[in-house]
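Keep in mind the model is a prediction, meaning the values are calculated, not measured.
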Amino acid sequence: MKNKDLQTLDLLKGEFEKSVDSAKIPLKLQKQSIVHMLEKEAEKQKIQEEEAAKKKYQVVTIRKLMAIAAMLAVVVAGTLVMRPGTPLVALNITSHESGSILNSGESYGKIFEDIVLKPESPSVRPSVTATQKPSVTDNTNPLAQTSAASTSIPSSPEKEDAFEGYVYKEPEAKLEEQLHTSSPDGVSRFGDFEADTVIEDGDYLYVLTSGRDNETNKTREVILVVKIIPDNDMQVVSEIPVSDGESNEKIDECVEIYLQKNCLITVNKSRSFSTVDGVHFESDVTAASYYDISNPENPVKIHEHIQDGGYVSSRLCDGKLYLVTSTSFSEVTEKADAERIIPGSKINGEYGRVSAENIFYDNLSAYAKTFIYVTVTNVSAPSKSAQFAFHAGGKDVYCHADSIVFSKNFVRTNEVTGAAEDCTFVYRFNVKGDRISYANAVAEINGKIVGGLYADERNGNLKTVTVSDGGYNVYVHDKEMKCVDTVEDLLVGEKVKTVKYIGNRVYLVYGENGEKTSIIDFSKKLKAENIVSVSTATLSNSLYEVTETVLLGVGIRNGEDSGKSNAVITLFDFSNPENFRSTDTLELSEEYVLAAGNDGRCVMVDSEKQIFGIPVIKADSQSHTDVSSYLIFSIEGGKIMQVGECIHDDAVVGDAAVRCVSTDDTVYTVSGKKIVSHSAEGYKAISKVEF
């Protein structure tokens with residue numbers, strides 16, 4: 001083999017030395033250490049098993065790479081379309097039509113044959129081609145262009161090897177620095193939230209908490225239904241058991257709760273452990289339970305949906321619950337076992353697998369042994385769910401009102417330099433009624449995605465941020481996956497800490513301590529003057545939209561002299577995107593410590609009242625106790641002013657308030673053990689209810 005080929009092989013090999021992606025789940029109000037210890041041990045053992053399997057996988061992969069490297073000079077010219085652009089708007093993207101890349105399953109046996117028995121050369125029989133009308137979608141005219149200047153690769157039944165120059169890359173466990181994002185994988189971790197562990201409907205609070213069951217001596221999780229009106233006589237009127245607790249055989253945990261009119265929905269992840277003949281087995285399922293709370297004092301369970309796979313994300317949108325899980329399968333060699341690799345759901349006790357035609361796979365993801373499995377359930381009629389599975393779906397998933405978007409990472413060879421480089425394919429699936437169908441469009445973008453995917457709820461435009469050798473790139477695609485705006489090679493040499501999507505703007509927080517932010521405004525056709533970088537003190541924790549023109553940042557500044565970390569609050573005015581500016585900054589004294597770490601849901605923002613609150617713990621030097629409270633600030637007139645403090649507990653021990661709810665006349669602080677009501681005037685405690 002030539003030296004150049006060996007160099008290319010070495011570069012490609014490096015892209016496979018990554019671990020399987022793991023989902024980050026938001027913090028809970030109250031978790032027992034035994035649960036985390038058991039789960040951590042289980043994850044550790046699973047990682048060890050995956051690493052052992054990966055060594056075998058890499059041996060096979062390297063052999064394949066040697067063959068690919070020898071053919072690169074021949075096939076690369078037909079696989080990449082590299083287009084130069086202006087320094088600012090540099091379209092360097094390729095579009096592909098579905099007929100050349102994605103298949104819909106014909107039967108379980110056929111899927112098994114393509115992705116298990118012969119992953120290197122699956123038979124390409126796409127469900128949609130340039131001349132065939134699609135059977136499951138209204139979009140009969142695939143639009144897969146990234147810009148008016150780009151050209152789609154035509155669909156061709158004979159072009160089965162059109163993508164041999166691309167090598168599938170397993171999802172990464174995490175970035176070098178874990179990014180905070182407003183839209184990771186379907187459910188936001190920071191910013192506006194639909195799911196939480198505390199939800200209110202004006203008259204009642206629904207609080208997810210946990211405690212020790214005196215009869216069984218097990219830790220169990222419950223949702224407490226608390227009547228908060230009147231605020232001076234709060235009462236727990238009912239409770240809903242939502243998990244079976246933990247044991248040596250099982251870990252069961254409620255992740256999120258949703259409220260849709262008179263329906264309360266809980267989402268649980270469950271992992272079972274067993275050992276047979278010295279072999280350790282684990283199985284993951286995710287469950288959604290529906291409760292009728294038209295009478296909050298007597299909740300009634302009306303529906304149960306148990307889905308194969310470990311929890312990835314969920315979202316409640318337009319009255320539909322999107323539930324995303326990940327399943328995996330081990331070595332399977334017999335065609336008779338084809339059904340065993342197909343995920344399914346048990347709805348009210350009746351189990352069914354996803355149908356073959358709703359399983360999608362490509363001819364790029366050789367040797368991958370995972371499915372991303374998605375169900376979409378109408379909350380008002382939950383007995384029937386739309387469902388589909390995507391073979392080797394990537395680490396990024398976003399569920400939109402009428403579509404679901406996935407990404408997959410690949411390695412390609414640069415046509416000019418011959419070097420290996422990251423690229424990402426982004427696929428869109430349409431959701432219509434109880435049907436999910438491929439949208440006949442896939443976009444290829446430079447680099448690997450950071451900060452997740454985000455689809456604008458108003459127009460459906462998809463925004464993505466990627467990192468490549470040249471820096472950071474921002475792309476905007478419409479519903480047909482046509483690239484309508486792009487900026488490439490931003491912040492070269494910098495490390496982005498936070499990606500935030502708010503409306504038409506994208507915020508990239510960077511710098512050693514997150515002291516700078518680059519804002520890209522897409523409210524009109526992108527121009528150079530719409531990209532600004534400003535000093536933002538530190539915004540590496542959370543960003544919040546207070547109004548359409550006011551942005552709130554809550555972060556941490558590490559003191560160089562004291563060695564302590566101080567909370568910093570910054571207020572911004574972006575009414576003029578070309579003159580984005582800070583209007584005020586407030587740094588809390590060292591005696592205050594943020595109580596909820598990186599869980600952005602702990603910050604309460606009331607746009608109507610122009611107030612916000614953050615949870616803190618303060619050491620009382622006189623009583624030598626810790627005080628849990630919410631500091632309340634006013635943000636009128638572009639200034640930050642503390643207007644009160646809601647004392648939740650003046651002698652807290654491990655159970656601080658980490659949620660706050662603001663109503664017309666009352667502010668409620670919530671921990672895993674009690675709720676305290678406070679007057680909206682003066683913020684003095686009115687009453688409390690303990691669990």
Which residues satisfy the ring pair (Phe, Tyr, Trp, His ring centres under 6.0 Å) test with H303, sequence neighbours excluded? Y290

Partners of K261 by side-chain contact (heavy atoms from CB on, under 4.5 Å), sequence neighbours excluded? none

Short side-chain to backbone donor-acceptor contact, D196 and R601, under 3.5 Å: no

Keeping Y472 on the side-chain end and V487 on the backbone end, is there a donor-acceptor pair under 3.5 Å? no

Using the test side chain to side chain donor-acceptor pair (under 3.5 Å), find all partners of D456 that sit at least two apart in sequence or belong to another chain. R458

Using the test side chain to side chain donor-acceptor pair (under 3.5 Å), find all partners of D402 that sit at least two apart in sequence or belong to another chain. H400, K479

Qualifying residues under ring pair (Phe, Tyr, Trp, His ring centres under 6.0 Å), relative to Y108, sequence neighbours excluded: none

Over all atoms of both residues, closest heavy-atom pair of G447 and T424: O-OG1, 2.7 Å

Give me the ring orientation class for Y398 and Y454: parallel if the planes are under 30° apart, tilted from 30 to 60°, perpendicular past 60°. perpendicular

Set of residues satisfying side chain to side chain donor-acceptor pair (under 3.5 Å) with respect to S385, sequence neighbours excluded: T377

Okay, side chain of R353, backbone of I342: is any donor-acceptor separation there less than 3.5 Å? yes

For F390, the ring pair (Phe, Tyr, Trp, His ring centres under 6.0 Å) test, sequence neighbours excluded, returns F406, Y427, F429

Taking only residues two or more places apart in sequence or in another chain, which ones pass side-chain contact (heavy atoms from CB on, under 4.5 Å) with S355? E357, N358

Applying side chain to side chain donor-acceptor pair (under 3.5 Å) to K408 and not counting sequence neighbours gives D362, S365

Without swapping roles, check the side chain of T325 against the backbone of D308 for a donor-acceptor pair under 3.5 Å. yes

Kindly give the heavy-atom pair with the smallest separation between S403 and R428, and that separation in Å. OG-NH1, 3.0 Å

Tell me, please, which residues at least two apart from S289 pass side-chain contact (heavy atoms from CB on, under 4.5 Å). T266, Y291, K301, E304

Are a donor atom and an acceptor atom from the side chains of Y361 and D114 found within less than 3.5 Å of each other? yes

Quick check: does any side chain N or O of E494 sit under 3.5 Å from a backbone N or O of V509, one acting as donor and the other as acceptor? no

Main chain of A401, side chain of K320: is a donor-acceptor contact present, judged purely on distance under 3.5 Å? yes

Just checking, any donor-acceptor pair under 3.5 angstrom between side chains of E253 and S243? no

Is there a donor-acceptor contact under 3.5 Å from the side chain of T464 to the main chain of L453? no

Under the side-chain contact (heavy atoms from CB on, under 4.5 Å) test, residues paired with S468 that sit two or more places apart: N473

